[in-house]
Amino acid sequence: MYPYDIAMSKMYNEEDYLLLSGIQHFAFCRRQWALIYIEQQWEENLRTIDGRIMHERAHDGCSSEKRGGIIVTRSMPVISATFGVRGVCDVVEFHEDPDGVKLHGRRGRYKPIPVEYKKGRPKMHDADVLQLCAQAICLEEMLVCEIEKGYLYYGETRRREEVEFLPELRNKVYLMLEEMRELFRRRHTPKVKTGAHCRACSLQNVCLPKLCGTRTASSYIKSMLEEG
Ligand code: SF4
């Protein structure tokens, strides 16, 4: 039995809910996640601006429309009381299927498929996959169904990558949420190994001086002026 299965018997209070969007930051770097979600620090660089613009495009319209046998819903809020997480799905497609679920105000039955929009191309790490899986877990709880797969759409390749929500992946999401919750409870920002990935991090300026235990140039100059 996976810890994921045991979690099914847990329930969280609303104030303890984590944000879905944090999963990709956490998977990329625990320290980055803590700086954003615990210390509330955020700096935009070109990459984050690109990503934000792309998300705004994906969210443009914020409504449902039906194309053929598919209902496309944008910016759908999702929540899981069992896993204590909430957030927004970029896009959820509902495909007409006799084995699917009933939707309020719609005829027929539909299978939900989450689609997350990302800038760039598929990555070496699994941050995007974990975030998508967490969305599926929320949708399953809300719609009382099972979701086998979803898609990641990458702006640079303009392609969809299929993601299967296998038990190992679900378990990884669960363990990650537990780790996030524990750090959040302790308000702890961990130290981590720096590496090449730091070059793509929008928080280098606030993270690295602290992490290395050195002072920023501005704080050094400020203290020198105060001493003088
Ligand atoms: S600079 Fe590196 S260690 Fe610091 S938050 Fe960013 S990715 Fe993590």
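Just follow the structure's listing: the first ligand is 1, and inside any ligand the first atom is 1. In this text the structure is predicted, and so the values were computed from the model without any measurement.
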### Message
A side-chain contact here means heavy atoms from C-beta on lying under 4.5 Å apart; do I23 and L177 qualify?
### Response
yes

### Message
Could you check whether any side-chain heavy atom of E96 comes within less than 4.5 Å of a side-chain heavy atom of K66, counting everything from C-beta outward?
### Response
yes

### Query
Just checking, any donor-acceptor pair under 3.5 angstrom between side chains of Q24 and K123?
no

### Query
Does a donor on one side chain sit under 3.5 Å from an acceptor on the other, for Y37 and S21?
yes

### Task
Taking 2.8 Å as the upper limit, name the protein N, O or S atoms near atom 2 (Fe) of ligand 1.
C198 SG

### Query
What do you reckon, are the aromatic ring centroids of H95 and Y110 less than 6.0 Å apart?
no

### Task
Could you give me the CA-CA distance, side-chain angles and deciding distance for Y154 and D128, then say whether side chain to side chain donor-acceptor pair (under 3.5 Å) is met?
CA-CA 10 Å; Y154 288 94; D128 297 344; 2.8 Å; yes

